[in-house]
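All remarks here apply to the structure that follows.
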Amino acid sequence: MTIKDNIKSIENDLKNYDAMLLAVSKTHGIEKIKEAYDCGLRDFGENKVQELIGKIELLNKDINWHLIGHLQSNKVNKIVGKVKLIHSIDSLKILDKVNSRAKNLGIVQDCLIQVNVSREATKFGIYIEEIENFINEAKNLDFIHIKGLMTIAPDTENKELIRSCFRQLKKTFDKLSNLSYNNIDMIYLSMGMTNDYKIALEEGSNIVRIGSKIFGKRMYNNV
Ligand SMILES: *Cc1c(COP(=O)(O)O)cnc(C)c1O
């Protein structure tokens, strides 16, 4: 299977949904990303700031880059303003830093809140019951725009557990959609990866983040 075949197969799975394909290119080289670009993809996701910045330099300027991995404080200044969407806001501290940097740049940075629905100790993200308080603080920050929620499902064979995580987040997303703050809108629900994107779509995801199914096995372990 070529990258083109892989993309076609995913696009076929997406055709009955109003959802965006985010190609996760972490660890993969420029040539492979160009191949995906030539198939029409314009949204690419990376989990490491350094790698992302390097790739921005080398690739076409009309690519929308997404940061999907944990953002460390000392990397905030490097990334704000360079990406269309930060999917991985997992603390008020980091959101505040992103806001300050965006203010300095005179821009508004779009972000998603990463939610640890499954409450696994190894995962980043806030708990569902923390979202309300989080939003209460975030609503006062003028240089960020919260555009939705993101989650990573547990790595398990238990499809019903995965489905239940996605369903819980969709329910929260719908509830938050009733809020009306200038800088908070529930537009994007980023859930689903290679092994679980079909379940995520059934449960209401509108951004699927897919790496291995497009590019093959990762070139190295970078988690
Ligand atoms: C690596 C990664 C993906 C893509 O994973 P695949 O299983 O290769 O599709 C999606 N989301 C996040 C946050 C990731 O780190």
Side-chain angles (χ1 to χ4, degrees), residues 1-14 17 19-29 32-33 35-36 39 41 43-55 63-72 75 79 83-91 94 110-126 147-159 161-163 165-166 169-170 188-223:
M1 293 281 274
T2 63
I3 285 177
K4 190 174 178 182
D5 294 330
N6 296 341
I7 291 172
K8 271 196 187 146
S9 151
I10 297 164
E11 284 178 338
N12 189 53
D13 293 331
L14 287 174
Y17 297 96
M20 188 185 88
L21 171 56
L22 173 58
V24 176
S25 48
K26 62 190 189 195
T27 81
H28 296 290
K32 281 180 160 179
I33 301 177
E35 235 179 292
C39 297
L41 298 192
D43 288 84
F44 290 85
E46 291 280 337
N47 68 338
K48 294 275 198 281
V49 168
Q50 209 61 43
E51 185 174 348
L52 201 165
I53 298 291
K55 285 174 175 172
I63 290 179
N64 302 311
W65 290 99
H66 298 241
L67 181 70
I68 60 171
H70 175 64
L71 177 56
Q72 293 168 295
K75 301 283 169 60
I79 201 71
V83 287
K84 171 176 164 180
L85 194 59
I86 299 174
H87 291 231
S88 44
I89 296 294
D90 54 16
S91 72
I94 210 76
D110 290 346
C111 303
L112 306 180
I113 305 171
Q114 181 171 351
V115 186
N116 183 358
V117 181
S118 57
R119 313 177 78 86
E120 290 163 284
T122 54
K123 282 201 163 68
F124 289 106
I126 66 171
K147 292 209 160 170
L149 307 176
M150 177 272 226
T151 197
I152 302 173
D155 184 14
T156 169
E157 297 292 304
N158 185 342
K159 301 251 184 270
L161 180 58
I162 294 171
R163 185 179 296 283
C165 285
F166 290 152
L169 196 61
K170 171 68 160 100
Y188 299 118
L189 185 56
S190 169
M191 26 185 230
M193 314 180 6
T194 293
N195 287 329
D196 56 25
Y197 72 90
K198 289 177 194 169
I199 304 174
L201 290 167
E202 287 165 8
E203 297 302 329
S205 165
N206 59 21
I207 303 183
V208 289
R209 310 177 308 266
I210 302 184
S212 333
K213 185 155 181 180
I214 295 175
F215 298 106
K217 257 197 0 242
R218 277 187 268 292
M219 304 305 286
Y220 50 87
N221 190 346
N222 76 335
V223 180

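Each ligand, and each atom within it, is numbered from 1 in the order the structure gives. What you see is a predicted model, and the numbers here were worked out from it, not measured in a lab.
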For Ile152, the atoms of ligand 1 under 4.0 Å from one of its heavy atoms are 13 (C)
Quick look: His87 vs ligand 1, heavy-atom contacts under 4.0 Å, and the answer is neither
Measure the spacing between CH2 of Trp65 and NZ of Lys84 and express it to the nearest 0.5 Å. 13.5 Å
Show the atoms of ligand 1 that are less than 4.0 angstrom away from any heavy atom in Arg209. 4 (C), 9 (O), 10 (C), 11 (N), 12 (C), 13 (C)
Please identify which atoms of ligand 1 are closer than 4.0 Å to at least one heavy atom of Ser212. 6 (P), 7 (O), 8 (O), 9 (O)
Expected output: side-chain Ser205 to main-chain Ala200 donor-acceptor under 3.5 Å: no
How close does the nearest protein non-hydrogen atom get to atom 12 (C) of ligand 1, and which residue and atom is it? Ile68 CD1, 3.5 Å
To the closest 0.5 Å, what do you measure between CG (Leu85) and CG (Asn64)? 9.5 Å
Determine the minimum heavy-atom distance between Lys55 and Ser25, stating which atoms define it. NZ-O, 3.1 Å
Could you list the atoms of ligand 1 found under 4.0 angstrom from a heavy atom of Ile210? 9 (O)
Heavy atoms only, cut-off 4.0 Å: how does Arg218 contact ligand 1, side chain, backbone, both, or neither? side chain
Pick out which of Val208, Asp13, Val24, Ile7 makes a side-chain contact (heavy atoms from CB on, under 4.5 Å) with Lys213. Asp13
Is a donor on one side and an acceptor on the other found under 3.5 Å between the side chain of Glu51 and the backbone of Thr27? yes
Distance under 4.0 Å to a non-hydrogen atom of Gly211: what atoms of ligand 1 satisfy this? 4 (C), 6 (P), 8 (O), 9 (O)
Top protein contact for atom 1 (C) of ligand 1, by heavy-atom distance: Lys26 NZ, 1.5 Å
Is there a donor in the side chain of Ser88 and an acceptor in the side chain of His70, or the other way round, less than 3.5 Å apart? no
For atom 9 (O) of ligand 1, what's the nearest protein heavy atom and its distance? Thr194 OG1, 2.5 Å
Pick from Gln114, Lys48, Met193: the one approaching atom 10 (C) of ligand 1 most closely through a non-hydrogen atom: Met193
Does Lys123 have any salt bridge (charged side-chain N to carboxylate O under 4.0 Å, His left out) partners at least two apart in sequence or in another chain, and if so, which? Glu120
